[in-house]
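Mind looking over this structure? Questions follow.
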Protein chains: 2
Amino acid sequence: MRRYANSTSFKRSNCAVACTLDLIGDKWTLLIIRDMFFGKTRYKEFQDSEEGIPTNILTNRLRKLESAGLVAKSPYQKNPVRYEYRLTEAGRSLGPILKSIINWAGEYIPGVRRPKASQTRTTG
Amino acid sequence: MRRYANSTSFKRSNCAVACTLDLIGDKWTLLIIRDMFFGKTRYKEFQDSEEGIPTNILTNRLRKLESAGLVAKSPYQKNPVRYEYRLTEAGRSLGPILKSIINWAGEYIPGVRRPKASQTRTTG
DNA sequence: TTTGTCACTTGCAATTAGCAAGTGAGTGGA
DNA sequence: TCCACTCACTTGCTAATTGCAAGTGACAAA
């Protein structure tokens, strides 16, 4: 088992919370991860999610996630080469975070739609 | 028990994950909440945390958290009036999210310092 | 009177986000 | 062959947010 989630990004401190936020603490990243948990793998699928992520941000976040080791891409066709994006083990292990968020929202945000319990989907 | 975490903020969707991110999904908010979990209550204490939050952002986030019902402020002195900030029940119930983040980081980010298990501190 | 603390505000530059439009490789159809 | 269309991006440009430094006002202590 490789332990990572590394690199390029500057660390504000060594605190577990701060480090995690440096990786996934923004408006969009966790939504992409949510989509992956629920079976989406392709650029277009992420783009089509109802929140409407801008394409430049989607591209940027997929690369950050890849270089952090949370997501891996592999070609699903050639001519032209197209990639699908899937959670790595480190990425999948974010499941409990997602789950606790969904639970919290279900309790404290009125009228929220909770996705049907996190399913750990990895190989289509 | 009041259920809230409402208001002013625009909602991108009704998804539990998206709604929660609209509330606490940025670089700083969860660090303030972390600090509160570990006993900090005053502006200066948050400001002194090692990540070095800018003061305008701290003020802004405290207000957002207050208006979302996650934090309540009360005066701890007069002349001049100074307030302390504490988690409400809704705020305290973010504990499991914080905990799952700390656990994940402990597993997947090397060299991370995990704060000693989340203690639910409310009244000094 | 001066110095210092606390909890902010304000100003402004730098970074990031967000929208629209464009691009290039390919497919399918007339 | 030409045209339209898809997918996965890029690019350009504006708007919004961040982050740093400095300033402010109420007060206490020296």
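A note on names: the letters A, B, ... follow the listed sequences, proteins ahead of strands, and every chain is numbered from 1.
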- Query: Between B/Y83 (OH) and D/dA26 (P), how many Å, whole number?
  - Reply: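 Taking OH of B/Y83 and P of D/dA26, I get 14 Å after rounding.
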
- Message: Among C/dG26, D/dC7, C/dC6, which nucleotide has an atom closest to any side-chain atom of A/P80?
- Response: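 Closest nucleotide to the A/P80 side chain: C/dG26.
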
- Item | Option from A/N60, A/T29, A/T88, A/L87 for which side-chain contact (heavy atoms from CB on, under 4.5 Å) with A/L65 holds |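 Result for side-chain contact (heavy atoms from CB on, under 4.5 Å) with A/L65: A/T29.
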
- Message: Whether the A/Y76 and A/T41 side chains hold a donor-acceptor pair (N or O, under 3.5 Å, no angle test) is what I'd like checked.
- Response: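 No donor-acceptor contact under 3.5 Å links the two side chains.
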
- Under-4.0 Å side-chain N/O to phosphate OP1/OP2 contact, A/K44 with D/dC7: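 For D/dC7, OP1 or OP2 has a side-chain N or O of A/K44 closer than 4.0 Å.
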
- Please state how far atom CD in B/E51 lies from atom C1' in D/dG19, giving the value in whole angstrom units.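 Answer to the nearest Å: 15 Å.
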
- Item | Rounded to 10 degrees, the angle between the two terminal axes of the helix from C/dT1-D/dA30 to C/dA30-D/dT1, each from five pairs |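 Overall, the helix from C/dT1-D/dA30 to C/dA30-D/dT1 bends by 10° from one end axis to the other.
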
- Looking only at side chains, do A/T59 and A/Y43 share a donor and an acceptor under 3.5 Å apart?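 Judged by distance alone, the side chains do pair up.
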
- Item | Integer-rounded Å distance: C/dA7 C1' and B/Q47 CD |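 For the pair B/Q47 CD and C/dA7 C1', the rounded distance is 8 Å.
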
- Message: Output the rounded distance in Å from CD (B/E45) to P (C/dC6).
- Response: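 So the CD-P distance, B/E45 to C/dC6, works out to 10 Å.
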
- Query: Quick one: CD on A/Q47 to CG on A/D35, what's the gap to the nearest 0.5 Å?
  - Reply: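 Result: 12.0 Å between the selected atoms.
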
- Task: Can you sort out which residues in residues 25-35 of chain A have a heavy atom within less than 4.0 Å of DNA chain C? Ascending by number, please.
- Result: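 Output list: A/K27, A/W28.
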
- Would you mind reading off the distance between A/N79 atom CG and C/dG26 atom C1', rounded to a whole angstrom?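 In whole Å, C/dG26 C1' and A/N79 CG are 8 Å from each other.
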
- Message: How long is the straight-line distance from OH of A/Y83 back to CZ of A/R42, given to the nearest 0.5 Å?
- Response: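 Between atom CZ of A/R42 and atom OH of A/Y83 there are 14.0 Å.
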
- Task: Grab the CZ-C1' distance between B/R82 and C/dT5 for me, whole Å please.
- Result: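 Going from CZ in B/R82 over to C1' in C/dT5 covers 8 Å.
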
- Message: Can you confirm whether B/W28 sits close enough to B/P54 that some side-chain heavy atom of one is under 4.5 Å from a side-chain heavy atom of the other?
- Response: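 Yes, close enough: below the 4.5 Å cut-off.
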
- Query: Are the side chain of B/R12 and the backbone N or O of A/K27 linked by a donor-acceptor pair below 3.5 Å?
  - Reply: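 Checking the backbone N and O of A/K27 against the side chain of B/R12, a donor-acceptor pair under 3.5 Å is found.
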
- Side-chain N or O of B/Y76 closer than 4.0 Å to phosphate OP1/OP2 of C/dA7: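 For C/dA7, OP1/OP2 do have a side-chain N/O of B/Y76 under 4.0 Å.
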
- Task: Provide, to the nearest angstrom, the distance between the CG atom belonging to B/D22 and the C1' atom belonging to D/dT17.
- Result: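 Answer to the nearest Å: 15 Å.
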
- Query: Relative to B/F37, does B/R92 satisfy both conditions: NZ or CZ under 6.0 angstrom from the six-membered ring centre, and within 45 degrees of the ring's axis?
  - Reply: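 Here B/R92 fails the 6.0 Å and 45° test against B/F37.
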
- Query: Could you walk me through whether B/W104 and A/S93 pass the side chain to side chain donor-acceptor pair (under 3.5 Å) check?
  - Reply: CA-CA 7 Å; B/W104 182 82; A/S93 68; 2.8 Å; yes

- Query: Heavy atoms under 4.0 Å, any strand shown: does A/Y85 hit a base, just sugar-phosphate, or nothing?
  - Reply: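 The answer is sugar-phosphate, as A/Y85 gets under 4.0 Å only of primed atoms, P, OP1 or OP2.
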
- Query: Rounded to the nearest 0.5 Å, how far apart are OG of B/S100 and CD1 of A/I101?
  - Reply: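 Separation between the atoms: 7.0 Å.
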
- Item | Side-chain heavy atoms of B/L31 within contact of B/S49, under 4.5 Å |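 Heavy-atom side-chain distance check fails, nothing below 4.5 Å.
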
- Please report, rounded to the nearest Å, how far the P atom of C/dA25 is from the NZ atom of A/K78.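 Those two atoms, NZ and P, are 18 Å apart.
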
- Message: Set out, in order, the CA-CA distance, both residues' side-chain angles and the distance that settles salt bridge (Lys or Arg N to Asp or Glu O under 4.0 Å) for A/D48 and A/K40, then state yes or no.
- Response: CA-CA 10 Å; A/D48 288 347; A/K40 297 187 179 180; over 6 Å; no

- Task: Could you identify which residues of residues 53-65 of chain A place a heavy atom less than 4.0 Å from some atom of DNA chain D, listed by residue number, or say none?
- Result: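 Close to the strand are A/T55, A/N56, A/T59, A/R63.
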
